[in-house]
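Below, chain A is the first sequence line, B the second, and so on; all start at residue 1.
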Protein chains: 2
Amino acid sequence: MNAQDLSGLYPVLAQLPPALAARIAAETQTMTVPGGTVVFDEHQACQGFPFVIKGDIRVLKPAANGRELPLYRVLPGESCIISSSCLLGHSDYNARGVAEGETTLALMPRLLFDELLAEPAFRDFVFHLFSERIAELMQLIEEVAFRKLDQRLAGLLLGKGKLVRATHQHLADELGSVREMISRLLKGFAEQGLVRLSREQVEILDPAGLRRIADA
Amino acid sequence: MNAQDLSGLYPVLAQLPPALAARIAAETQTMTVPGGTVVFDEHQACQGFPFVIKGDIRVLKPAANGRELPLYRVLPGESCIISSSCLLGHSDYNARGVAEGETTLALMPRLLFDELLAEPAFRDFVFHLFSERIAELMQLIEEVAFRKLDQRLAGLLLGKGKLVRATHQHLADELGSVREMISRLLKGFAEQGLVRLSREQVEILDPAGLRRIADA
DNA sequence: ATCGCTCGGTGACTTTGGTTACAGACGCCG
DNA sequence: CGGCGTCTGTAACCAAAGTCACCGAGCGAT
């Protein structure tokens with residue numbers, strides 16, 4: 001792995017003692033995988049700490065019936081708290097990570113991760129990502145436990161700008177639901193004049209109206 | 001606050017430099033609250049880092065309609081990651097903490113918490129609790145998103161020993177559901193010979209059968 | 001052009017869970 | 001004993017979401 005690339009995306013690495021930085025360069029394995037690759041999965045031991053260089057990882061929880069619930073995305077410069085949690089607690093993964101588009105990542109061996117945690121700078125880096133993700137997970141719990149699908153869909157659309165390019169299936173996946181439900185709800189939104197529908201596209205006409213539905 | 005009591009429950013505090021230990025003793029406020037007290041709530045700024053001395057705090061997510069979903073409990077010697085997360089990210093609480101039974105807790109001011117984080121021992125303490133709770137939250141997400149109520153109830157009963165003393169209402173609360181559903185499901189279990197019901201009590205007759213339902 | 005694929009639309013049905021509204025059982029305490 | 005509050009049983013009804021089945025529109029490739 002090119003140490004410059006990694007430090008560019010993860011500034012925290014530049015703050016480490018040279019000896020450690022050298023070991024990171026030497027011991028992390030870089031790989032590039034095509035979109036859709038499962039980079040880790042439930043009940044699997046965590047092999048190391050992943051840095052995302054390019055592309056991104058969708059972390060999701062698979063259900064028995066084949067549906068799945070997206071938890072969060074790991075972008076370049078971020079870290080995967082599930083991996084951190086597994087490495088810290090020596091437990092298996094409890095979710096699945098899938099490359100979204102061609103993705104390059106660097107895998108740091110577990111032992112090196114343990115040593116890095118001794119470094120305050122690195123520890124803070126992981127720490128703060130933990131705390132950010134916690135809030136996201138709480139939000140997610142609230143959504144799946146309490147919010148109705150129309151509220152969630154309205155919220156999702158609002159987070160995607162004025163013109164949303166996505167198939168109904170894609171939107172359904174993001175909510176852990178099914179296409180038919182999304183089609184029905186979108187039709188309802190369209191009848192209320194909130195959106196205009198066309199193939200693989202949803203145009204937001206009335207953001208305020210959607211907002212009312214989202215936080216009803 | 002008596003520094004010995006606190007260090008006894010939270011051994012990590014004994015590893016801190018004497019100057020900090022003194023400040024903790026001086027600056028933490030101890031209070032005892034009756035059961036049911038809301039010690040923090042959604043959309044409230046986090047005033048400080050809580051140590052539980054006696055009793056315990058149920059952390060839960062309230063829904064609009066009055067129901068609530070239990071997230072986890074904080075026992076003496078543990079910490080509340082929601083509080084940590086809020087303090088780290090300077091964000092508001094996104095859940096509610098309720099004392100379960102009479103509870104004594106010590107509240108450490110936010111600024112002192114920030115300073116303590118500079119101490120490796122304390123940071124590790126918070127760190128590891130983070131990683132443990134993450135796994136619990138993942139489990140919870142899986143439950144509410146994918147498992148049916150009978151599966152969840154079966155699992156809950158299995159985690160409570162052979163003889164469960166609880167009202168149906170209590171069980172419903174633990175699952176974020178309602179009494180009627182629990183009564184119905186328990187009746188079904190009883191008809192299958194899995195449990196025997198009596199007032200405020202559920203006797204497990206066939207753990208294996210319940211297990212089959214739980215992870216169907 | 002037409003074959004075939006993906007995408008979207010739609011109606012009928014099922015399952016799950018929750019809601020409403022009672023009624024009966026139990027137990028405690030005056 | 002009698003009255004009251006808590007706990008449990010249960011039926012009817014409802015809403016949300018998912019499932020099934022099928023159709024038709026649009027689009028791209030041969």
*asked:* What is the separation between atom CG on A:Asp173 and atom C1' on C:dC7, rounded to the nearest whole Å?
replied: 14 Å

*Rounded to the nearest angstrom, tell me the gap between atom CZ in B:Arg179 and atom P in C:dA21.*
14 Å

*If we only count heavy atoms from C-beta on, is the B:Leu157 to B:Leu186 side-chain gap below 4.5 Å?*
yes

*Roughly how many Å is it from CZ in B:Arg147 to P in C:dT16, rounded to a whole number?*
14 Å

*asked:* OP1 or OP2 of C:dC7 versus the side-chain N and O atoms of A:His170: is any pair under 4.0 Å?
replied: no

*Of all of residues 148-160 of chain A, which get a heavy atom below 4.0 angstrom from DNA chain D, listed by number?*
A:Lys148, A:Leu149

*Roughly how many Å is it from NZ in B:Lys187 to P in C:dG17, rounded to a whole number?*
17 Å

_Can a donor-acceptor pair be found, under 3.5 Å and without considering hydrogens, that links the side chain of A:Thr32 to the backbone of A:Thr104?_
no

*Round to a whole Å and report the spacing from CG of B:Leu197 to P of D:dT8.*
9 Å

*Could you tell me whether the side chain of A:Thr28 and the main chain of A:Ile24 form a donor-acceptor pair under 3.5 Å?*
yes

*Just to confirm, is there a sub-4.0 Å distance from OP1 or OP2 of D:dT19 to any side-chain nitrogen or oxygen of A:Arg67?*
yes

*For the pair made of CD in A:Gln169 and C1' in D:dT19, what is the distance, rounded to whole Å?*
14 Å

*Proximal nucleotide (of D:dG18, C:dT10, C:dT20) relative to the B:Glu180 side chain*: C:dT20

_Test side-chain hydrogen bond (donor to acceptor under 3.5 Å, both in side chains) applied to B:Glu143 - qualifying residues, sequence neighbours left out_ = none

*Atom-pair distance (CD1 on A:Ile182; C1' on D:dG18), nearest Å*: 12 Å

*Among A:Leu13, A:Leu107, A:Leu105, A:Val74, find the one that has a side-chain contact (heavy atoms from CB on, under 4.5 Å) with A:Phe51.*
A:Leu13

*Options C:dC7, D:dT10, D:dA17, nucleotide nearest the side-chain atoms of A:Arg199*: C:dC7

_At less than 3.5 Å, do the side-chain atoms of B:Arg184 and the base atoms of D:dT8 form a donor-acceptor pair?_
no

*Would you indicate which nucleotide in D:dT10, C:dG18, C:dG8 comes nearest to any side-chain atom of B:Met181?*
C:dG18

*Considering only D:dT10, C:dG9, D:dG18, which nucleotide approaches the side chain of A:Val178 most closely?*
D:dG18

*asked:* What is the distance, to the nearest angstrom, from the CZ atom on A:Phe146 to the P atom on D:dA15?
replied: 21 Å

*Determine: side-chain N/O of B:His168 to OP1/OP2 of D:dT6, distance under 4.0 Å, yes or no.*
no

*Side-chain donor/acceptor of A:Arg152 to backbone N/O of A:Leu175, under 3.5 Å*: yes

*Do any side-chain nitrogens or oxygens of B:Ser177 fall under 4.0 Å of OP1 or OP2 in C:dG17?*
no

*All pairs passing ring pair (Phe, Tyr, Trp, His ring centres under 6.0 Å) where residues 146-192 of chain A contributes a residue, at least two apart*: none

*Would you say B:Gln151's side chain and B:Lys148's backbone share a donor-acceptor pair under 3.5 angstrom?*
yes

_Can you tell me which nucleotide in D:dT19, D:dT8, C:dG18 comes closest to the side chain of A:Asn65?_
D:dT19

